[in-house]
Each structure stands twice: as C-alpha cells, then as structure tokens.
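In what follows, chains are A, B, ... by sequence order, proteins preceding strands, each numbered from 1. Because only heavy atoms are used, hydrogens play no part in the values below, and waters and symmetry mates are left out as well, while side chains stay in.
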Amino acid sequence: MITHIFVAVAVLTISAIVFGIILGYAADKFKVEGNPIIDQVEALLPQTQCGQCGYPGCRPYAEAIANGDKVNKCPPGGTATMEKLAELMGVDPEPLDQVAQEAVKKVAYIREDECIGCTKCIQACPVDAILGAGKLMHTVIAKDCTGCDLCVEPCPVDCIDMLPVETTLKNWDWKLNAIPVTLVSESLEER
Amino acid sequence: MLTLLEQLDKGSLWQSPGGIHPPELKQLSNQQAIGRLPLAKQFVVPIPQVGEQARLLVEVGQTVLKGQVLTEGTGFIYLPVHAPTSGTVTAIKAVASNHASGLPVLSCIIDADGYDNWCDLITSDPAALSNDDIITKIKQAGIAGMGGAAFPTHIKLNTASEIDLVIINGVECEPYITSDDRLMREYSNEILKGIEIIHRLLGPQRIIIAIEDNKPEAAQAMQQAIHLSKLPANSTRVTVIPTKYPSGGEKQLIQIITGKEVPSGCLPSQLGIVVQNVGTAFAIQDAIYSGKPLIERVVTFTGKNIHQPGNYWLPIGTPVAAALELVDFRPSTTQKLIIGGPMMGYAIHDPYVPVLKGTNCVLAPSNEEISPDSDEKACIRCGECAIACPALLLPQQLFWHAKAQEYDKAASFNLQDCIECGCCSYVCPSDIPLVEYYRIAKSALRVEAEEKVLAEQAKLRFEARLQRLEDEKLAREAKAKEAAEKRQANMKSSDKDAVAAAMARIAAKKAAQSNEANLQSIVKHDANDSTGVDKKSAVSAAIARAKAKKAAQSAEQFSIENNATQTPSNTHNPSDSVVEGGISQQNLIAAAVARAKAKKAAQNNQAITSDEAVNGLADSSTSDTDPSLNDKKAKVAAAIAKAKAKKLQQTEIASDSADTEPNEDNSITASANGAMAKKTIADDNTDPAEQDKKARIAAAVAKAKAKKLQQVETSNVESQLSSSSITLEQTPNLDSAVLDKKAKIAAAVAKAKAKKLAQQAEKKD
C-alpha cells in the first residue's frame with residue numbers, strides 16, 4: 001500500500017520535472033519580443049501621424065489602444081479602421097469621437113508665390129514631405145503627404161491649402177460609374 | 001503516355017471549365033474586306049498611353065509628321081506615342097479619355113493637314129539585326145498588346161524565362177468582334193512574318209496559332225501562310241478550337257491548348273508559355289520590315305445601329321464620333337456606345353473619345369440586341385454563375401461579400417483571379433450585374449493595398465524623421481559639452497580668479513544685505529530712544545534709512561537666489577526686525593559697526609542732504625563732489641528709469657481694462673516723461689561717442705534688471721507685495737521733505753510697481 005503512494009508521488013514528481021524542463025525551454029525558445037498586439041494595431045492605423053487622437057503619432061496611439069484606450073479616436077482612419085480595431089481588440093465598435101468629415105483624402109498644397117520661406121511647415125511635417133530651405137520657396141512632395149493638416153496651422157502667411165486628391169485613371173473607383181452614360185443622339189446634336 | 005509536345009503536334013485539346021455560348025453575331029461585320037475611312041479632321045492622342053510618365057517633345061503650334069514621336073520617357077513599361085497623321089498640334093489639354101471612367105487625361109490635339117505625310121521611315125531586314133536591336137525597335141514603335149489589355153510587347157518578348165511554347169491568339173471569342181478574323185484572312189503572310197520575328201526572339205519549340213472553329217477561312221489562310229513562311233518545318237501549326245466564350249482569355253487558352261493551369265498570381269511565362277495576339281504579330285512585322293510605328297489598327301464597327309458595319313483601318317487617336325459619322329451610324333433614343341465586345345466592353349460617356357491601341361471594336365447595339373439595364377432582382381441561389389465561371393470561382397460568395405463591402409472576405413474567395421469575363425452576369429436569371437460588383441470590390445481592394453503601401457512609407461518616413469531629430473539633439477548636446485570642456489581647458493588663471501572674485505562679491509553682498517537689515521532695525525531703535533535730536537544722529541539715521549531702502553531694492557533683485565520667504569521678512573519688515581534684531585547679540589555688534597560706518601560717512605559727506613541720500617543711486621547726480629562720476633551714474637539711473645517706465649507702460653497697456661485709478665496712469669506717464677527728460681539733459685552734457693556707449697550699457701543694465709524683476713515678480717508675488725508697500729510708505733515722506741523732481745519720479749515708479757504687483761496678485765487670486 002505504502003509503495004503505491006511512493007510510486008504515485010515519484011511518477012508525478014518526475015513528470016513535473018520533465019514538463020517543467022519542456023515548458024522552460026519553450027518559454028525561452030519561443031519568446032515573443034514586445035507586445036505583438038501593438039504591431040497589429042499599428043498595422044491597421046493609417047500612419048498619417050496627424051496626432052488627432054491626442055497621441056504624438058500612430059505608434060503611441062497603438063500602444064494606448066493595447067493598454068485599453070478607446071478605438072474611436074482616429075478620424076483619418078474613418079469608421080472602417082475603427083471597426084477593424086474593435087474587432088481586433090474584442091470591444092464594441094463606437095462611433096468616431098470627432099464628426100468624421102467626408103472621408104476624402106487630401107494633400108497639402110503650398111501656394112508657392114506666397115511662401116516666405118519660414119521653414120515652419122517643414123518642422124511641423126511628421127513625414128518630411130515638405131521640401132525647402134530658409135527664405136526660399138517650399139513645396140509639398142504630394143506623393144509622400146499624408147494629409148495630416150499639421151503644416152496648415154504654423155504657416156504665418158496661410159499659404160497652405162488642403163486639396164482633395166485628384167481622381168486619375170489609376171485611383172478611379174468603379175463606384176463613380178454612377179455617372180449616366182451620355183446619350184449619343186443628344187450629344188451629337190449639341191455639337 | 002504522350003509528351004506535351006507530341007500532344008500539341010497531334011492537336012489534342014483539353015477542356016476549360018465553365019464558359020458560355022452567346023450568339024456570335026460575327027457575320028454582321030466579317031463579310032467585307034478591311035476598309036479605309038477618310039482621314040478625320042482632328043485627332044486626340046492621349047499622352048502617355050502606356051506607362052506613367054513621359055516628356056512631351058512637341059509644343060502647341062508645332063507641325064508634326066505622320067509617325068513622329070510625340071513623347072520620350074524612361075521606365076519599365078513606358079511606350080512612346082506617335083503622331084497618327086501629319087498636321088499641327090493645336091492644343092495640349094485634358095480631354096475625356098477612352099476609359100470606363102471617362103475622366104479627362106492629358107492629350108495632344110492634332111489638326112490633320114490632309115496630306116498624311118510620313119516621317120522618315122527606317123526599313124530593315126531582321127536578319128541583319130541583333131535580338132536587342134529588334135526589341136528596341138519594337139519598343140520604339142510603341143507596340144502594345146492588341147487584344148485589349150495593351151501590355152507592352154517588348155517586355156513579353158524579352159522574358160528571362162525559357163519559353164517552350166508560343167501561342168498566337170486568333171481566337172477572338174467575344175461576340176460581334178471580327179477584326180482579328182479579317183486581319184488573318186487578308187494579312188496572313190504579314191502575320192507569319194511577325195511570328196517569325198517572335199520565333200527568333202524567344203526560340204520556342206512550338207508555335208501554336210489558335211483559332212476558333214467559327215473562323216474556318218482564317219484558319220485556312222493561316223495554314224497556307226505557314227507553308228510559305230521560313231519557319232522551321234513542324235514547329236508551327238494551326239489548332240482549331242471549339243467555339244466557346246471565353247476561350248480567348250490568356251489563361252483559358254493555355255488550359256485548352258496544353259491542359260496546364262496558370263497558378264493564381266503567376267505569369268504564363270513562368271510555365272514557359274507566351275501568348276501573343278495576331279494583331280500584335282502584324283504590328284511587329286510592320287515595325288521591323290517597314291519601320292512603321294503602331295499608329296493604326298483594325299477596328300470593328302458593328303451593331304444594328306451601324307448601317308455599314310465592317311472592319312476599318314483607323315489611325316490611333318481618331319475620335320470615335322468622327323469614325324461613326326462615316327459608317328452610317330443612326331443612333332436610337334437610348335443609344336449606348338460600347339468599346340470592346342458586349343461581354344467585356346465598357347460604355348463610353350462621350351463619343352468624342354479617341355481610338356486607342358487596345359480598341360478592337362466599337363459596338364452600337366440597337367435596343368433589341370442589348371436591352372437597356374433591367375432592374376437587379378434578388379439572388380435566388382440557382383448556382384448558374386458558379387457553373388459558368390471559367391476561373392472556377394464562387395460568384396455568389398463574391399457577390400455577397402462585395403455587396404456587403406466586406407472586400408477582404410471577397411479577396412479570401414480569390415476575387416483577384418476573376419477575369420471579369422461577364423459569364424456570370426450573362427447567365428444570371430436575376431439580372432444581377434455581378435461583374436460590376438466585382439469591379440467595385442477589386443478597385444476598393446486595389447485602393448486599400450495602395451493605401452497600405454503609402455501608410456508603410458509614411459511610417460518609415462516618420463520613424464526616419466524621429467531618428468534624425470534624436471541624432472541632431474545628441475549631436476548638439478555633444479557639441480555643447482565639447483565646447484564647454486574646451487572653454488574650461490582654455491580658461492586662464494586670471495579668468496578663474498575673476499570668476500572667483502565675482503562669486504566672492506556676490507557672497508559679500510548677500511552678507512551685507514542681512515547686516516544692513518539688522519542695522520536698520522537697530523538704528524530705528526536708537527532713533528526712537530534718543531530724545532535729543534542732534535544733527536549727526538539725524539543724518540546717520542537718514543543714511544541708514546537710505547541704506548535700508550537700497551538693501552530692500554537689492555533684496556528684490558536677489559530674492560531668486562535667496563530664500564524667497566526669508567529674505568523679505570528680514571529686510572522689508574522693520575517692525576519685525578525691531579523685535580528680533582534687538583534680541584540677537586550678534587546683530588547688535590553688527591549694528592554697532594554699521595553705526596560707526598554711517599557716522600563716518602555722514603562726516604565725510606556733510607554737504608549731501610539726507611533726503612538726497614535717501615533717493616539712492618539717482619540722487620548722487622546732484623552732488624558736486626565728482627561731476628564726471630555723477631554724470632555717468634545719472635545716465636545709468638536715467639536708463640534704468642526709462643526701462644522701468646517702458647515696462648510699466650507696456651504692462652499698463654496690456655492690462656488697460658483692469659485699470660481703476662486713472663491718476664496712477666498719469667503718474668506713470670509722468671515718471672516716464674521725467675526719465676526721458678532727465679536722459680535728454682544728461683545726453684546734452686557729454687560728448688556723443690561716450691554717451692552712446694554709456695547709454696548702451698545703461699540699456700543693457702536696465703533690460704537685465706527688468707527681466708530679473710519680472711522673474712521675481714512672477715515667482716513670489718506675495719513677498720514683492722510687502723516690499724513695495726514699504727517703498728510706498730517711505731516715498732511720501734521723501735516727497736514732503738524735498739519736492740525734488742527725481743524723488744517724484746521714484747515715487748511714481750514705486751507706485752506703479754505697487755499697482756502692478758497688486759494687479760498680478762489679483763490675477764493670481
């Protein structure tokens with residue numbers, strides 16, 4: 001009878017040691033550096049680095065979301081991003097904080113003849129998308145502009161406009177096909 | 001088991017999945033030979049047509065010849081654009097494009113001169129050219145795939161993979177279109193010459209010319225041309241395939257000919273297969289043998305509303321409307337114009353769009369042929385679409401997700417493999433425009449993917465910027481540190497002494513402050529005790545008072561360094577000091593020393609009146625003893641006063657609304673004026689050069705003082721309040737004693753200060 005107890009204890013002890021070693025090895029071998037959820041959240045954010053969420057960039061907001069902040073603070077991402085974030089974080093979707101403006105992508109445009117070359121917008125641009133030097137005209141590298149708005153406010157002469165991105169054959173959306181097809185007979189008569 | 005090549009030689013065919021058999025309606029346009037329409041008056045040449053960027057080589061007003069290059073550019077898929085006829089460039093502007101969107105694109109408008117003069121053409125014999133030369137010539141001729149997709153041909157012909165099989169696509173499976181059919185019938189020898197060039201470039205083991213069995217004349221013509229060609233025997237054959245839509249699709253055709261399926265996301269060249277259109281082969285031949293760039297193509301004009309249907313050679317850039325006028329086009333009331341076939345074509349918004357390199361057909365159907373859009377009904381899940389799909393997709397699933405805008409889910413059902421052939425829409429009993437939904441979903445996915453790339457770039461740029469700012473900061477700090485160390489190393493012993501001396505002076509001054517405060521209390525004590533008021537004691541008392549005031553002033557300035565709460569209590573509260581000072585023995589001794597000093601000073605400067613002494617720095621100016629020194633002091637004082645007045649004025653202006661007592665305003669103005677006046681007087685007395693320097697020094701001192709004062713005031717308003725109230729208490733006495741102008745100024749300054757402090761205190765509260 002007593003040997004049974006010893007055997008049981010011995011078996012449990014040995015298996016505990018074996019599993020302990022396996023787990024310890026696995027914990028070391030498959031260790032995850034950092035919090036992977038932050039990277040996942042960041043991948044969903046639009047990377048405009050606009051700071052409208054109240055954090056200095058998209059990465060800090062991703063960290064905040066991972067730590068339980070609300071998912072509805074990203075106006076550039078719009079409702080689609082908010083829903084994805086909610087799904088990822090397992091929380092209920094909430095309407096966006098700010099009134100989500102018409103989700104039209106915009107880029108900054110500097111009216112170059114009015115620019116005095118103060119470099120203030122260059123310092124404000126989070127993605128270094130403005131080119132120029134002191135007392136020389138500046139210009140926006142349109143393809144790198146995220147449309148974050150941050151350069152508009154510092155401009156002392158208000159020469160920066162946010163213009164909607166022009167629709168070209170490349171970024172044209174089939175949804176726009178709602179344009180009625182011109183009736184040829186009418187159009188030929190017109191000309 | 002036969003090898004693939006043996007099976008190809010045998011003409012074995014495989015089944016491609018799905019597909020439909022719509023009415024062909026090819027006999028409408030394939031009855032007469034390819035015609036040539038009179039030249040249009042105006043041509044619209046979009047720039048660039050293939051590729052993203054190009055540089056224009058012409059300008060408005062320039063005369064161009066037929067075949068002249070209009071653009072130059074670099075880039076992988078760039079193709080040059082050529083003038084379709086001779087004439088004048090009348091405008092370069094954005095006009096409606098031959099695209100489903102109809103969006104305006106930059107185009108060259110060329111007004112034809114009617115002569116149709118060619119530019120110099122370089123004819124050549126391909127035998128004398130290297131492969132690279134041929135590729136370059138093909139690129140320079142601007143040849144793009146003529147089947148519809150307009151992919152640059154020189155890229156397809158310059159593949160890195162080893163090509164075993166070339167399929168020449170003469171299937172032309174879409175209803176109505178007959179341009180390739182007529183081309184094969186009439187220009188089979190020319191097409192074979194093009195195929196020879198392709199054979200030379202790619203060196204395939206076999207070349208298959210695939211033709212549907214509804215074009216027996218074309219197949220026969222091609223078969224005959226093969227016998228006449230210089231191609232190696234048994235390397236080329238015509239394979240007639242059964243008519244089915246969409247057999248002409250690249251992937252479908254490969255499957256029918258070889259039985260191989262091109263994997264999703266792969267190019268046929270990865271399987272060792274290249275597919276070229278017959279029209280492309282013709283264009284290659286034209287470019288090499290006669291040096292003509294691709295500036296015209298065969299376009300089918302068909303549909304029941306075109307009363308002279310047929311195939312016509314049209315220069316690229318001819319407005320569709322201009323050509324329609326010449327083929328007896330009679331539009332119905334709800335006329336649609338379709339570019340391409342009825343299955344895959346798109347309706348254009350504006351008939352004035354140009355014919356492009358990929359435009360193989362212009363269809364003007366009557367209402368009986370293609371009914372106006374009918375309303376979409378609910379999906380009944382019949383599954384016809386899944387049977388018809390040639391890409392083996394699940395059109396229903398794609399439809400659900402595309403309609404619900406769950407594009408990522410649609411993508412998970414391989415939406416990207418949809419070839420938009422339109423079979424599903426054709427068979428749908430509920431008239432659901434399925435392909436439209438897929439196109440919307442595809443463009444949304446494309447936009448999403450692009451945004452993802454952009455976001456990634458933005459992130460990289462943002463991180464690079466942060467890194468740069470951090471680096472700059474570190475570099476700046478390192479530089480500052482280095483400079484500081486250098487300064488320390490270079491510092492001479494005398495400099496060090498000077499610093500030490502300055503430190504010692506500051507320490508001495510601090511000590512003096514506390515001593516004088518004590519002294520003052522003692523002096524007051526004494527003054528109260530003595531009943532017999534002899535002159536000397538009165539003078540010494542006055543001097544002590546003056547010193548106390550000075551000490552108070554300096555205490556104001558140094559209260560940052562000093563303990564903010566202790567200093568005022570020591571220096572500015574005489575009543576407290578009287579009680580405390582009397583007790584301390586040390587203070588008594590110090591007081592005695594100070595008294596002795598005061599006595600001495602009084603004896604020495606008997607000429608100086610006591611009240612003048614009270615006035616501190618400024619009053620020395622009136623003393624006769626050392627005129628030059630006094631002058632300087634006066635100027636410094638004036639500058640200080642001026643600076644103070646200015647500052648006060650600024651604060652007054654800033655907080656005008658808070659003002660309640662107007663006379664105080666006046667007093668400040670007066671003090672400012674007084675200071676100005678005094679300065680002017682002082683200025684008159686000295687030579688300008690010296691005065692300039694002094695004035696500058698004075699200004700600097702004044703500025704520094706003002707700054708310090710401001711700091712002190714903001715940091716401990718409370719203590720300042722008490723100090724200034726004391727100054728206020730003292731100043732009326734001075735006024736009554738001597739109605740000196742300077743004293744008045746001092747009073748005004750003090751008053752203003754007090755007021756300002758009071759305001760600040762209010763604000764803080």
Between [X] and chain B, with a heavy-atom cut-off of 4.5 Å, which part of the residue counts as in contact: side chain, backbone, both or neither?
{"X": "C125(A)", "result": "backbone"}
{"X": "A43(A)", "result": "backbone"}
{"X": "E83(A)", "result": "neither"}
{"X": "P126(A)", "result": "both"}

Distance col, row K106(A):NZ vs C148(A):SG, nearest 0.5 angstrom, shows 13.0 Å

task: Please check if the side chain of H401(B) supplies one atom and the backbone of F399(B) the other of a donor-acceptor pair under 3.5 Å.
output: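 Looks like no, no N/O pair under 3.5 Å.
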
Does this structure show an ion pair linking E368(B) with K304(B), if we count only N-O contacts that are shorter than 4.0 Å?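 Salt bridge flag = no for K304(B) with E368(B).
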
Is R446(B) paired with E451(B) through a side-chain N to carboxylate O contact shorter than 4.0 Å? no

Exercise for the section: Return the option, out of K459(B), E463(B), R468(B), K452(B), with the maximum number of heavy-atom pairs under 4.5 Å with chain A. Expected result: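 Answer, by heavy-atom pair count under 4.5 Å with chain A: K459(B).
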
- Message: Would you say that more than 12 heavy atoms from the other residues, nucleotides or ligands in this model lie under 6.0 Å from the CD of E166(A), or not?
- Response: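 Result for CD/E166(A): open.
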
Margin query: Between D128(A) and R461(B), does the salt bridge (charged side-chain N to carboxylate O under 4.0 Å, His left out) criterion hold? Intermediate values first, please.
Written below: CA-CA 7 Å; D128(A) 279 343; R461(B) 289 181 75 88; 6.0 Å; no

Okay, R330(B) and chain A: the region with an atom under 4.5 Å from a heavy atom over there is neither

For K442(B), which atoms come within 4.5 Å of any heavy atom of chain A: side chain, backbone, both, or neither?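 Neither the backbone nor the side chain of K442(B) comes within 4.5 Å of chain A.
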
(request) Select, from D144(A), T48(A), L45(A), the one with the greatest count of heavy-atom pairs under 4.5 Å involving chain B. (result)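 Highest number of pairs under 4.5 Å: D144(A).
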
